[in-house]
Amino acid sequence: VEDDIQAKLNDVTTKYYEKFERLLGNITSFKVHIKPHEKSGHTSKYSLIVKVDSKSKIFEVEKIDFDAIKLIHIVYEALENEIDHYVNSQ
């Protein structure tokens with residue numbers, strides 16, 4: 001993965017990790033996997049999987065997009081919505 005994408009992923013991951021830690025209290029595992037797919041023409045497709053394990057539940061979101069930076073935000077926002085929904089329903 002290109003350096004600019006990796007740097008953005010690291011920045012966003014740090015921000016959201018802190019937020020998820022506040023919401024869930026006890027994260028036991030936090031995994032992030034970004035993978036470029038084969039190029040089709042001039043652009044590559046990326047898949048991003050983020051998995052958060054807490055003592056109470058496992059949360060996982062996987063998405064695919066052509067724009068890696070946009071994909072990072074989409075995945076973390078979806079994961080935040082999932083965690084918020086779980087926390088608010090408790």
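Note that the numbering runs from 1 along the sequence shown for the chain. Remember, it's a predicted structure, so these values are computed and weren't measured experimentally.
No hydrogens or angles considered: nothing links the side chains of Ser44 and His37 as a donor-acceptor pair under 3.5 Å.
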Determine, step by step, whether Val12 and His73 satisfy the side-chain contact (heavy atoms from CB on, under 4.5 Å) criterion, reporting the C-alpha distance in whole Å, the side-chain angles of both residues, the deciding distance to 0.1 Å, and the verdict. CA-CA 8 Å; Val12 174; His73 291 285; 3.9 Å; yes

Might you work through the side-chain contact (heavy atoms from CB on, under 4.5 Å) test for Tyr76 and Val50, ending with a clear yes or no? CA-CA 8 Å; Tyr76 276 109; Val50 179; 4.0 Å; yes

Working for side-chain contact (heavy atoms from CB on, under 4.5 Å), residues Lys51 and Ile58: CA-CA 7 Å; Lys51 182 177 180 183; Ile58 297 171; 3.6 Å; yes

Evaluation steps, side-chain contact (heavy atoms from CB on, under 4.5 Å), between Phe20 and Phe30: CA-CA 10 Å; Phe20 297 156; Phe30 193 97; 3.7 Å; yes

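Each of Ile5, Ile69, Ile64, Asp67 was evaluated against Tyr46; a single residue qualifies, Ile5, per the side-chain contact (heavy atoms from CB on, under 4.5 Å) test.
Under the 3.5 Å distance criterion, the side-chain polar atoms of Thr28 are matched with a main-chain donor or acceptor of Asp53.
More than 12 heavy-atom neighbours from other residues, nucleotides or ligands sit within 6.0 angstrom of CG on Asn26.
Once rounded to the nearest 0.5 Å, the distance linking CD1 of Ile83 with OH of Tyr16 reads 10.5 Å. Taking CG from Asp84 and CD from Glu77, the interatomic distance works out to 11.5 Å, rounded to the nearest 0.5 Å. Here Leu48 contributes atom CG and Ile74 contributes atom CD1; the two are 10.0 Å apart, rounded to the nearest 0.5 Å.
Residues Asp4 and Lys8 have side chains not in contact (no heavy-atom distance under 4.5 Å, counting atoms from C-beta outward). Counting heavy atoms from C-beta outward, Lys57 and Phe59 have side chains that approach closer than 4.5 Å.
In terms of heavy atoms, Leu24 sits closest to Ser54 at CD1-CB, 4.1 Å. The shortest non-hydrogen separation linking Pro36 to Val1 is CD-CG2, 4.0 Å. The minimum heavy-atom distance linking Ala78 with Lys63 is given by the pair CB-CE, 4.3 Å.
Following chains of ILVMFWY side-chain contacts shorter than 4.5 Å, one can reach Val61 starting from Ile27, so the two form part of one hydrophobic cluster. Tyr17 and Val52 end up in the same hydrophobic cluster when Ile, Leu, Val, Met, Phe, Trp and Tyr side chains are linked at under 4.5 Å. By the rule that hydrophobic residues join a cluster once side-chain heavy atoms approach within less than 4.5 Å of another member, Leu79 and Ile49 end up as members of separate clusters.
Residues meeting the side chain to side chain donor-acceptor pair (under 3.5 Å) test with Glu60, sequence neighbours left out: none. Under the rule for a side chain to side chain donor-acceptor pair (under 3.5 Å), Glu82 has no partner lying at least two apart in sequence or in another chain.
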